[in-house]
Amino acid sequence: MKFALKKLSSIRISLIKSSCFVCILLLYPDVALAESFYSDGDFYFGGKIGGVLLDTEKPLEQGENKQVNFSSGLTFGYNINSYLSLETDMSYLGQYQDESSGEDKNLFAIGAYLSTRYRLSDDAALYVKLGPAWAEDNVSLSSGLGIKYRLSPNWELDSGYRWIKDTPSTDDDLYEFTLGVNYKFGVVSHLPVRPAVDPMHKHKKQSAVGDSISTTRSIPALKPLSISAKSLFGFDSSKLIATEELAEVLKQVKASKDSELSITAYTDNLGTEDYNLTLSKQRAEATRNYFISNGVEPCRIQIDWKGEESPISTNRTAEGRALNRRVKIELN
């Protein structure tokens with residue numbers, strides 16, 4: 001009876017631990033709704049290798065260590081949207097000793113999970129998953145967490161941890177640590193689509209009000225300033241989150257009351273051309289609105305949006321893409 005109560009208490013504690021992340025996400029939806037670099041509706045397929053620790057409850061003999069096995073497996077998933085996905089994996093979890101027969105057996109498992117993720121940066125995301133795992137016709141509770149890192153638009157590195165409660169024919173919990181690589185399908189075609197931009201405006205500058213610009217200059221022209229979009233906007237967003245660099249430009253704009261302010265926004269090449277063009281337009285407009293809200297006359301501001309055109313660095317690396325996501329400001 002004491003053993004049964006102890007076992008029940010252990011299961012209860014394990015359930016609480018495994019579901020704590022999910023509870024946090026349910027209580028704080030803003031975390032779960034955080035934007036991610038994953039495309040909506042993409043399939044992904046990958047492989048993984050790692051190590052498995054069987055946490056046996058039986059006393060160990062002197063000098064004996066807990067059993068550690070080599071593991072490997074295949075992963076297949078579907079991204080429901082930017083923060084939720086369904087995932088299944090087939091894994092070989094090494095050998096274990098069947099307590100009823102005393103024989104060594106190979107352990108295979110199939111897991112099915114609901115996974116949620118939170119973007120840490122443009123290229124990295126934290127994920128948490130929870131679901132059942134089938135092994136030798138037995139079903140056990142399983143959960144995991146890890147980090148996915150984008151190596152390229154289609155390839156990502158997956159480093160994770162998984163826990164399976166009470167593996168078959170034993171009273172042992174199983175802990176697995178893996179490193180894998182996933183390939184994502186349909187990255188470009190499944191990116192979110194925003195309203196299309198009239199192609200006739202692709203290379204035109206836009207004035208907020210009127211088309212009468214004074215040509216008088218009160219101070220020398222400002223050297224063209226290129227500001228990283230990362231320092232102004234959130235990921236894949238046109239909402240200003242920091243304005244310190246714009247505030248410095250604002251001082252010069254106010255000091256030169258007859259000058260014209262030119263704003264041009266750019267993106268990297270991830271996503272469709274129309275999507276990037278629209279995003280750059282929205283960022284140019286958001287930048288213009290900052291100056292207008294701080295007392296700059298709308299007729300003094302012109303904006304342009306180029307999307308993924310005119311890159312200043314390669315789009316093949318994260319560093320290069322970060323440089324290409326920028327807002328260029330000139331005071332003439």
Side-chain angles (χ1 to χ4, degrees), residues 7 10-25 38 44-58 60 64-79 84-99 103-118 120 124-149 151 155-184:
K7 191 65 177 177
S10 175
I11 293 174
R12 187 183 305 159
I13 293 172
S14 298
L15 285 171
I16 293 173
K17 289 180 179 179
S18 65
S19 59
C20 63
F21 286 105
V22 177
C23 292
I24 291 173
L25 294 174
Y38 289 94
Y44 58 93
F45 178 79
K48 60 181 180 178
I49 58 174
V52 171
L53 172 67
L54 287 173
D55 187 18
T56 178
E57 293 184 356
K58 66 180 182 180
L60 298 175
E64 182 182 8
N65 296 318
K66 293 184 178 181
Q67 184 176 352
V68 178
N69 296 325
F70 169 80
S71 68
S72 60
L74 298 175
T75 301
F76 182 76
Y78 174 72
N79 290 324
L84 283 176
S85 64
L86 294 175
E87 182 175 298
T88 183
D89 62 51
M90 296 173 286
S91 304
Y92 167 69
L93 301 174
Q95 290 189 332
Y96 73 100
Q97 188 177 59
D98 191 315
E99 291 190 349
E103 297 179 356
D104 289 336
K105 293 184 177 181
N106 291 317
L107 180 60
F108 296 89
I110 297 177
Y113 303 95
L114 176 64
S115 177
T116 184
R117 53 190 175 272
Y118 175 71
L120 301 174
L126 172 70
Y127 68 86
V128 181
K129 60 184 182 180
L130 181 67
W134 288 265
E136 293 191 355
D137 298 325
N138 293 326
V139 181
S140 302
L141 178 67
S142 180
S143 63
L145 60 86
I147 292 178
K148 292 183 178 181
Y149 183 83
L151 301 173
W155 290 97
E156 65 182 5
L157 188 68
D158 184 347
S159 176
Y161 154 83
R162 179 169 62 160
W163 165 80
I164 299 178
K165 179 66 179 176
D166 292 340
T167 51
S169 303
T170 73
D171 291 325
D172 304 339
D173 287 352
L174 182 147
Y175 303 93
E176 182 185 23
F177 300 86
T178 60
L179 183 65
V181 177
N182 297 328
Y183 181 84
K184 299 188 295 181

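Please read all numbers here as calculations on a predicted model, not as lab measurements.
Among all heavy-atom pairs drawn from Tyr149 and Ala124, the shortest one is CD1-CB, 4.0 Å. In terms of heavy-atom proximity, Ala109 sits nearest to Leu93 at CB-CD1, 3.8 Å. Shortest non-hydrogen contact noted between Pro132 and Val139 is CB-CG1, 3.9 Å. In plain terms, the two heavy atoms of Tyr127 and Ser115 that are nearest each other are CB-OG, 3.9 Å.
Between the side chain of Thr88 and the backbone N or O of Gly111 there is at least one donor-acceptor pair closer than 3.5 Å.
Residues Leu174 and Leu107 form a side-chain contact, since some pair of their non-hydrogen atoms from C-beta on lies under 4.5 Å apart. Annotation: side chain of Phe108 is not in contact with side chain of Met90 (no heavy-atom distance under 4.5 Å). Asp89 places none of its side-chain heavy atoms less than 4.5 Å from the side chain of Phe76. Annotation: side chain of Asp173 is in contact with side chain of Trp163 (closest heavy-atom distance under 4.5 Å). Side-chain contact between Arg117 and Lys129 is absent, with no heavy-atom pair separated by less than 4.5 Å. Proximity of Lys48 to Asp158: side-chain heavy atoms (C-beta onward) are nowhere separated by under 4.5 Å. Residues Val181 and Tyr183 form no side-chain contact, since every pair of their non-hydrogen atoms from C-beta on lies 4.5 Å or further apart. Residues Leu53 and Asn69 are not in side-chain contact: their nearest non-hydrogen atoms beyond the backbone lie 4.5 Å or more apart.
Residue Leu179 qualifies as enclosed at atom CG: its count of foreign heavy atoms under 6.0 Å is above 12.
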Could you go through the side-chain contact (heavy atoms from CB on, under 4.5 Å) check for Leu114 and Leu86 one step at a time? CA-CA 5 Å; Leu114 176 64; Leu86 294 175; 3.9 Å; yes
Decide side-chain contact (heavy atoms from CB on, under 4.5 Å) for Asn106 and Tyr92; before the verdict, give the C-alpha distance in whole Å, the side-chain angles of both, and the deciding distance to 0.1 Å. CA-CA 8 Å; Asn106 291 317; Tyr92 167 69; 3.3 Å; yes
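Residue Arg162 is tested with Ser142, Ser71, Ser91, Ser143 for a side-chain hydrogen bond (donor to acceptor under 3.5 Å, both in side chains); the sole match is Ser91.
Atom OG1 of residue Thr178 and atom CD1 of residue Ile49 lie 9.5 Å apart, to the nearest 0.5 angstrom. Atom OG1 of residue Thr116 and atom CG of residue Leu84 lie 5.0 Å apart, to the nearest 0.5 angstrom.
Considering only residues two or more places apart in sequence or on other chains, Tyr44 meets the side chain to side chain donor-acceptor pair (under 3.5 Å) condition with Glu87.
Ring pair Tyr161/Phe177: centre-to-centre distance below 6.0 Å.
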